[in-house]
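Below is one structure, written out as structure tokens; the observations come after it.
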Amino acid sequence: MKLKLQRYGIIAVLLVLGGWKISAASNYLCEIGPIGGLSYYIGDANSFVFGNVQPAYGLMFRYKFTSRWALTAKGQYSNVLFKVNDAWDKSMLGQVDVVAEYNFFNMKLGGYERFSHNYSPYLFAGIGVALHGKGQHFGPYLPFGLGFKWQMTPRWGLMVEWQQQLFFCDNVEGYDILDNTYGLNGINFLKNDLVSTLTVGISFHFMREPKNCKMCVR
């Protein structure tokens with residue numbers, strides 16, 4: 001009798017641990033979290049990559065359609081630091097953009113699909129709008145770039161992104177003397193201003209993904 005109780009006890013413990021493991025491997029559809037890092041701009045007052053860097057910070061929200069595709073919305077604030085008339089000056093830069101992301105790897109935490117990973121490099125591109133030029137100008141830009149994401153646990157993820165924001169204008173600084181599109185003195189190939197950000201983000205995962213089988217533990 002004692003042996004049977006021990007055997008049932010071991011089976012019960014294994015079932016509980018097995019159920020916890022399956023539950024812990026759950027995937028989630030949504031992520032939200034803070035981002036922070038460095039920002040710099042390439043334009044008429046600066047031509048150096050990672051020159052005159054400024055702190056950048058914001059908030060992101062991601063919705064995952066599949067293990068490969070996701071849509072991410074992001075709000076971010078930074079400054080543009082530059083030199084004009086032999087003096088240093090700053091211009092505010094508030095941005096909101098939406099991008100589509102493509103994972104190189106099939107991202108599934110503890111998934112049953114072959115070649116699935118809990119990490120992946122990814123590419124993204126989309127559309128955004130920004131308030132810039134000391135708050136005097138509001139206009140669109142094209143966000144694009146690459147990143148790396150790692151789902152550390154079922155609920156928490158880490159990501160690193162290098163994003164480019166190609167503006168449709170040449171007045172991010174907010175000075176008329178630096179708005180010289182038709183003078184063709186811009187740095188990038190479209191003669192417009194380019195802002196780059198290198199950020200690290202931590203995300204919290206929520207809204208559990210529906211299971212593919214009825215026998216799966218929720």
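Everything numeric in this text was worked out from a predicted model, so none of it was measured.
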Checklist entry - Can Trp69 be reached from Phe61 by stepping across I, L, V, M, F, W or Y side chains whose heavy atoms are under 4.5 Å apart? => result no
Item to check | Option from Met207, Glu209, His205 for which side-chain contact (heavy atoms from CB on, under 4.5 Å) with Cys30 holds | outcome: Met207
Item to check | Other residues, nucleotides, ligands: >12 heavy atoms within 6.0 Å of Ile202 CD1 | outcome: no
Checklist entry - Passes side-chain hydrogen bond (donor to acceptor under 3.5 Å, both in side chains), Lys83 versus Asn52? Steps please. => result CA-CA 10 Å; Lys83 202 170 187 179; Asn52 306 328; over 6 Å; no
Next on the checklist: Students often mix this up, so state it plainly: with edges at 30° and 60°, are the rings of His117 and Tyr119 parallel, tilted or perpendicular?
Outcome noted: tilted
Item to check | Set of residues satisfying salt bridge (Lys or Arg N to Asp or Glu O under 4.0 Å) with respect to Glu31, sequence neighbours excluded | outcome: Arg62, Lys64
Item to check | Least distance between heavy atoms, Gly51 atom then Tyr40 atom | outcome: O-CB, 3.4 Å
Checklist outcome for this item: By side-chain hydrogen bond (donor to acceptor under 3.5 Å, both in side chains), Gln136 pairs with (sequence neighbours left out) none
Next on the checklist: Check the orientation of Phe124 and Tyr122. Use parallel for under 30°, tilted for 30 to 60°, and perpendicular for over 60°.
Outcome noted: tilted
Checklist entry - Under 3.5 Å, is there a donor-acceptor pair linking the side chains of Asn103 and Lys149? => result yes
Checklist outcome for this item: side-chain contact (heavy atoms from CB on, under 4.5 Å) test vs Thr199 passes for just one of Gln163, Gln76, Met60, namely Gln76
Item to check | N-O pairing of Lys90 and Glu173 below 4.0 Å | outcome: no
Checklist entry - Do side-chain atoms of Asp89 reach the backbone of Phe82 as a donor and acceptor pair under 3.5 angstrom? => result no
